[in-house]
Asks: 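Quick one: the structure is below, and I'll ask about it shortly.
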Amino acid sequence: SESDLGQLNSKLFADARERGFSPELLAVREETRRGSLYPLVQTGDTEALTAYLDAGADPNEKRIGDSDTSLLSLAISVGSEEAVATLISHGADVGFVHEDGDTLLHRAATKGTVAIAERLISSGVDVTARNQMGLTPRMTAIVAGLRHRGDSHQRIQELVERVESIE
C-alpha cells in the first residue's frame, strides 16, 4: 500500500543517514522519491526514464530551485546519448537556452559529444544562435577544441558549418 511504501522509504532514508551516506546521495534519493526524472538522467537509468516518459511524465520538467537546467541539458552534461535520444523522442524542448545564452548545441560543442550534436542538429536546433559572449556553437567548438585533444570538436565544427551553409 501507499502507506507501507512511505514507511519503507522513511526507513531507507534513516538507514542511509545512519550509515553516513553523503548529503548529495540523500538529496538524489529524496528527489527520486518525489518523482523527479533528474536522478534517472544523472545515473543513466534510461530504462526507467523511458518508462516514466511513456507513462506521461513531463520531458521538460523543471528542477526545483534550478531553472537553468533542463532534463535535456543534464543528459548532455553527463554525455548520455541514449537519454538525449529518449528525451527528444518524448518531446523535450531542444530550444532550451541557459542563463548564459548557451543553447543545448553550445553545451554539446563544449563537451565534444559528436553524436549528441548530430541528434540536436537533426532535431532542428538553431546552429547560428549566439550566447552572451557572442559565440555561436561552431565558435564554441573551435574554442573548446583548443583545450582538448582529439578530433571531436573539429567534427562538431564541420557539422555545424555544413548546416550553416545550407541555411
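Since this is a predicted model, take the numbers as computed values, not measurements.
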Asks: When rounded to the nearest 0.5 angstrom, what distance separates OG1 in Thr140 from NZ in Lys111?
Replies: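 Answer for the OG1-NZ pair, Thr140 versus Lys111, is 14.5 Å.
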Asks: What is the minimum heavy-atom distance between Ala129 and Pro137, and which atoms define it?
Replies: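 Here Ala129 and Pro137 meet closest at O-CD, 3.2 Å.
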Asks: So which atom in Ala83 and which in Ala75 form the shortest heavy-atom distance, rounded to 0.1 Å?
Replies: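 Result for this residue pair: CB-CB, 3.8 Å.
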Asks: Can you pull the salt bridge (Lys or Arg N to Asp or Glu O under 4.0 Å) pairs that have at least one residue in residues 84-107, sequence neighbours excluded?
Replies: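 Passing the test, one end in residues 84-107: Asp100-Arg107, Asp102-Arg107.
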Asks: Among Gln157, Glu164, Glu158, exactly one meets side chain to side chain donor-acceptor pair (under 3.5 Å) together with Arg138. Which residue is that?
Replies: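 So the option named by the test is Glu164.
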Asks: Got a sec, which residues hit side chain to side chain donor-acceptor pair (under 3.5 Å) with His153, two or more places apart in sequence or on another chain?
Replies: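 Partners of His153 under the side chain to side chain donor-acceptor pair (under 3.5 Å) test: none.
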Asks: Mind checking whether Val114 and Val163 sit in one hydrophobic cluster, side chains of I, L, V, M, F, W, Y counted as touching below 4.5 Å?
Replies: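 Val114 clusters together with Val163.
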Asks: Distance check, rounded to the nearest 0.5 Å: Ser70 atom OG versus Glu61 atom CD?
Replies: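 Reported value, rounded in 0.5 Å steps: 10.5 Å.
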Asks: What pairs with Glu47 under side chain to side chain donor-acceptor pair (under 3.5 Å), at least two apart in sequence or on another chain?
Replies: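 In terms of side chain to side chain donor-acceptor pair (under 3.5 Å), with neighbours along the sequence ignored, Glu47 is linked to no residue.
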Asks: For Val78, check side chain to side chain contact (heavy atoms under 4.5 Å, CB included) against everything at least two apart and list the hits.
Replies: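 Side chain to side chain contact (heavy atoms under 4.5 Å, CB included) list for Val78, sorted by chain: Gln42, Leu74, Ser80.
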Asks: Identify the two heavy atoms, one from Pro59 and one from Gly91, that lie closest to each other, and give their separation to 0.1 Å.
Replies: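 Heavy atoms only, the tightest pair is CG-C, 3.9 Å.
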Asks: With Leu87 as reference, evaluate Thr50, Leu72, Leu37, Asn60 under the side-chain contact (heavy atoms from CB on, under 4.5 Å) test and give the passing residue.
Replies: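 Of the listed residues Thr50, Leu72, Leu37, Asn60, the side-chain contact (heavy atoms from CB on, under 4.5 Å) partner of Leu87 is Leu72.
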Asks: Please name the pair of heavy atoms, one in Ala144 and one in Ala109, separated by the smallest distance, quoted to 0.1 Å.
Replies: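 Minimum heavy-atom separation between Ala144 and Ala109: CB-O, 4.0 Å.
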Asks: Can you measure from OG1 (Thr69) to CD1 (Ile76) and round to the nearest 0.5 angstrom?
Replies: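 CD1 of Ile76 is found 11.5 Å from OG1 of Thr69.
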Asks: Partners of Thr103 by side chain to side chain donor-acceptor pair (under 3.5 Å), sequence neighbours excluded?
Replies: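 Once residues adjacent in sequence are excluded, the partners of Thr103 under the side chain to side chain donor-acceptor pair (under 3.5 Å) criterion are His106.
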Asks: What residues form a ring-ring contact (aromatic ring centres under 6.0 Å, His included) with His98, not counting sequence neighbours?
Replies: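 Counting only residues at least two positions away or on another chain, His98 forms a ring-ring contact (aromatic ring centres under 6.0 Å, His included) with Phe96.
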Asks: Output the distance between atom CD (Glu82) and atom CD1 (Ile116), rounded to the nearest 0.5 Å.
Replies: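 Answer for the CD-CD1 pair, Glu82 versus Ile116, is 11.5 Å.
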Asks: If you link I, L, V, M, F, W and Y whenever their side-chain heavy atoms are under 4.5 Å apart, who else ends up in the same group as Val97?
Replies: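 None; Val97 is a cluster of one.
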Asks: May I have the list of side-chain donor-acceptor pairs in residues 117-125 shorter than 3.5 Å, sequence neighbours left out?
Replies:
from, atom 1, to, atom 2, distance (Å)
Ser122, OG, Glu118, O, 3.3
Ser122, OG, Arg119, O, 3.0
Ser123, OG, Arg119, O, 2.8

Asks: Restricting to salt bridge (charged side-chain N to carboxylate O under 4.0 Å, His left out), what partner residues turn up for Asp54, sequence neighbours left out?
Replies: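 Asp54: no salt bridge (charged side-chain N to carboxylate O under 4.0 Å, His left out) contacts found.
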Asks: How many angstroms lie between NE2 in His148 and CD in Gln154, if you round to the nearest 0.5 Å?
Replies: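 Here the interatomic distance stands at 15.0 Å.
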Asks: With sequence neighbours left out, what residues match Glu81 under side chain to side chain donor-acceptor pair (under 3.5 Å)?
Replies: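 If we apply the side chain to side chain donor-acceptor pair (under 3.5 Å) test to Glu81, skipping adjacent residues, there are no hits.
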Asks: Give me each pair satisfying salt bridge (Lys or Arg N to Asp or Glu O under 4.0 Å) with a member in residues 141-156, each pair once, sequence neighbours excluded.
Replies: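 Residue pairs passing salt bridge (Lys or Arg N to Asp or Glu O under 4.0 Å), neighbours aside: none found.
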Asks: Starting from Met133 and following side-chain heavy-atom contacts under 4.5 Å between hydrophobic residues (I, L, V, M, F, W, Y), which residues can be reached?
Replies: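 Direct or chained contacts put Met133 with Leu135, Met139.
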